[in-house]
Visitor: 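Dropping the structure in here first, questions after.
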2 protein chains.
Amino acid sequence: MLLSIEPDGPVPIYQQIRDRIVEAIARGRQPAGSALPPIRQLAVDLGVNFHTVNKGYDLLRQEGLLRLGRKSGAVVRRDAGSGPPDPGWTQDWAARLRTLLAEAAAQGMPATDIVAECETAIADFAFPAAAAEA
Amino acid sequence: MLLSIEPDGPVPIYQQIRDRIVEAIARGRQPAGSALPPIRQLAVDLGVNFHTVNKGYDLLRQEGLLRLGRKSGAVVRRDAGSGPPDPGWTQDWAARLRTLLAEAAAQGMPATDIVAECETAIADFAFPAAAAEA
DNA sequence: TATCTGTTCTATATATTATAGAACTAATAA
DNA sequence: TTATTAGTTCTATAATATATAGAACAGATA
């Protein structure tokens, strides 16, 4: 489990930890049932306080992606193969997506490029029965 | 210029102001050259401090989307018809896109649904010579 | 001159972020 | 039992971000 962090970046460290793990889950590198490093160990590896890692893990638990146990540690609960997400969650996510895509359009990015970026990202994910036909 | 804000939401007010304006630009409701409300007036309309609006406008200025003048006020500088964005900017944006899309995949959203949400959002934008063929 | 607009400064209060240390709970291993 | 492991829960501190507030300034316009 490699996990590179930018300590001096604009995005909070606990958020970066959460983001990298979400990406690892989406790409199938952390399938459902797989274990994540213990909070204290990851904190040492990253050179940050264990409370910071704990906050990132807790975020993932609130999102339903992690299951945290006393001795079992942090285990992935959902992945790209799980059932469809909650309708309310999908709405919130779609709103954030619209804002992010609008940003690219406002910056003058062509529609074809925007679509291409989306497809490139999605192609890296590990869907259960992916068909990568062009 | 309608602009609804959630004062008690998790996202900062100045960020919401920035996001709504970005979406208005992308959708062609605020084309390049069009004027935005004065800082103080928008502050009154939204029921927030004018410093909060100023911070949102200043963000957009830093992103190259707005031009702020003494008497000219806030004028849109770039829109969906402008030239392609800066390569460095595109890289950063693509990274944020990958994180957001990974979130949906990790939550179990099917690839087809993710693509559909992207296309739905893009269809609302005002590209110069859009071809909406299916 | 007077007005409108963005800009800049100080100031205050609250919330967020990150670090730090200590103690606790539950499960496992020796 | 005893020790270890790992998450959980408290307090505490410092730095930064957020939002409000007021005042004053600078440039363009009527």
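So you know, we letter chains A, B, ... as the sequences are listed, proteins then strands, and number each from 1. Predicted model only: the values in this text are computed from it and were never measured.
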Visitor: Is there a residue in residues 64-76 of chain A whose heavy atoms reach under 4.0 Å of DNA chain C, and which residues are they?
Guide: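 Output list: A/Arg70, A/Lys71.
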
Visitor: Can we say A/Asp58 and A/Lys55 salt-bridge, meaning some charged N sits less than 4.0 Å from an Asp/Glu carboxylate O?
Guide: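 Not counted as a salt bridge, because no side-chain N and carboxylate O are separated by less than 4.0 Å.
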
Visitor: Check the distance between D/dA19's C1' and B/Leu42's CG and give it to me in whole angstrom.
Guide: 15 Å

Visitor: Do you know which two heavy atoms are closest between A/Phe50 and A/Ile39, and how far apart they sit?
Guide: O-CG2, 3.3 Å

Visitor: Using a heavy-atom cut-off of under 4.0 Å over every strand shown, decide if B/Tyr14 touches base, sugar-phosphate, or nothing.
Guide: sugar-phosphate

Visitor: Scan side-chain atoms only and decide if B/Ser82 and A/Gln107 contain a donor-acceptor pair under the 3.5 Å cut-off.
Guide: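 Their side chains do not contain a donor-acceptor pair, so the 3.5 Å distance test is not met.
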
Visitor: Side chain of A/Ile39: nearest nucleotide among D/dT18, D/dG7, D/dA19?
Guide: D/dG7

Visitor: Work out which heavy atom in A/Leu3 is nearest to a heavy atom in A/Leu46; give both atom names and the distance.
Guide: O-CD2, 3.1 Å

Visitor: Nearest nucleotide by nearest heavy atom, which residue falls closer to the 5' end of DNA chain D, A/Arg40 or B/Pro12?
Guide: A/Arg40

Visitor: Nearest-Å distance, CG (A/Asn49) to P (D/dA14)?
Guide: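 Rounded to whole Å, this separation is 16 Å.
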
Visitor: Pick the closest DNA chain C nucleotide for A/Val48 and for B/Pro38 by heavy atoms, then say which residue is nearer the 5' end.
Guide: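 This one resolves to B/Pro38.
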
Visitor: Considering non-hydrogen atoms only, spot the tightest contact between B/Ala26 and A/Ala102 and give its length.
Guide: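 Distance-wise, the nearest heavy atoms are CB-O, 3.5 Å.
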
Visitor: Nearest whole Å is fine: how far is D/dT8 C1' from A/Phe50 CZ?
Guide: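 About 9 Å, once rounded to whole Å.
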
Visitor: Expressed as a whole number of angstroms, how long is the span from A/Leu60:CG to D/dT8:P?
Guide: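 The distance from CG of A/Leu60 to P of D/dT8 comes to 12 Å, rounded to the nearest Å.
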
Visitor: Starting from C1' on D/dA19, measure out to CG on B/Leu59 and report it in whole angstrom.
Guide: 15 Å

Visitor: What is the distance from NE2 of A/His51 to P of D/dT13, rounded to the nearest Å?
Guide: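 Rounded to the whole Å, the gap is 15 Å.
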
Visitor: Under 4.0 Å from any heavy atom of chain B: name the first and the last nucleotide of DNA chain C that qualifies, 5' to 3'.
Guide: C/dC4 to C/dC9

Visitor: As a test of understanding, state which of A/Leu42, A/Val53, A/Val44, A/Asp45 forms a side chain to side chain contact (heavy atoms under 4.5 Å, CB included) with A/Pro37.
Guide: A/Leu42

Visitor: Whole Å only: how far is the CD atom of B/Glu6 from the P atom of D/dT18?
Guide: 17 Å

Visitor: Under a 4.0 Å threshold between the charged nitrogen and the carboxylate oxygen, would A/Glu63 count as salt-bridged to A/Arg77?
Guide: no

Visitor: Do B/Ile114 and B/Leu97 share a hydrophobic cluster, counting only Ile, Leu, Val, Met, Phe, Trp and Tyr and linking them when any side-chain heavy atoms are less than 4.5 Å apart?
Guide: yes

Visitor: Taking atom C1' of D/dG7 as reference, at what distance in whole Å does atom CG of A/Asp58 sit?
Guide: 11 Å

Visitor: If you group Ile, Leu, Val, Met, Phe, Trp and Tyr by side-chain heavy-atom gaps below 4.5 Å, do A/Leu59 and A/Val76 land in one group?
Guide: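 Cluster IDs for A/Leu59 and A/Val76 differ.
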
